[in-house]
Amino acid sequence: MFGINGPEFLLLLLIGILVIGPQRLPEYTQKLANLVREVRRMASGAREQIKEEVGIDIDEVDWKKYDPRQYDPRRIIKEALLDDDTKPVSPGAPSSGTASTAAAVSGAVAAGESSPESRIRPLLERLPDGVPAPFDTEAT
């Protein structure tokens, strides 16, 4: 709590009582009680508003599932690399499985292309010798 331990808090409380004095102490105690009451009311109002807008109760949420300490990057990468999911990410996106490769090869053969080089087209084209790579000054 703000880097203040127990003895320091008691010392601050004692100094506060001495500074405020016995005449104004009941007034400030009442202000503190009203402040605590108002904060509790605001917290419960926020809880109700979240429940209305989101449709779930905060007490029903499994907060352990969202704890960032449970994520192990090595495990996540290992699972992603060993995942054998062949469905595309979005409609029209190429999938990484053998079904898309087989479909591309069968489509190329059906079109009359027979050489292996013409069946699998590279995604990147190599620049001719002596041509500098494009450089975007705004991107750096």
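Just so it is clear, the values below take in all heavy atoms, side chains as well, and ignore hydrogens, waters and symmetry mates.
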* **L11 side, atom CG; I4 side, atom CD1 - distance, nearest 0.5 Å** => 10.5 Å
* Asked: Roughly how far, to the nearest 0.5 Å, is the CG atom of L82 from the CD1 atom of I77?
  -> 11.5 Å
* To do: May I ask you to test the P128-V131 pair for a side-chain heavy-atom distance under 4.5 Å?
  => yes
* To do: Show your working on side-chain contact (heavy atoms from CB on, under 4.5 Å) between N34 and Q30 and close with a plain yes or no.
  => CA-CA 6 Å; N34 289 339; Q30 184 64 33; 3.3 Å; yes
* For D62, enumerate each residue passing the side-chain hydrogen bond (donor to acceptor under 3.5 Å, both in side chains) test, keeping only those at least two apart in sequence or located in another chain. => none
* Asked: Counting only heavy atoms not in Y66, do more than 12 sit closer than 6.0 Å to its OH atom?
  ->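 Counting neighbours around OH of Y66, 12 or fewer heavy atoms of other residues, nucleotides or ligands fall under 6.0 Å, so no.
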* Stepwise side-chain contact (heavy atoms from CB on, under 4.5 Å) check, D72 with I76 -> CA-CA 6 Å; D72 182 18; I76 293 171; 5.9 Å; no
* Qualifying salt bridge (charged side-chain N to carboxylate O under 4.0 Å, His left out) pairs with a residue from residues 39-49, counting only residues at least two apart or across chains -> E38-R41, R47-D59
What about [X] and [Y], same hydrophobic cluster or not, with Ile/Leu/Val/Met/Phe/Trp/Tyr joined at side-chain heavy-atom distances under 4.5 Å?
X	Y	value
L18	Y28	no
I50	W63	yes
I15	L25	no

* Structure fact -> Minimal heavy-atom distance between Q70 and R75, with the atoms involved, is O-NH2, 3.8 Å
* Looking only at heavy atoms, which two atoms of L127 and P134 are closest? And how far apart? ->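 The answer is CD1-CD, 4.1 Å.
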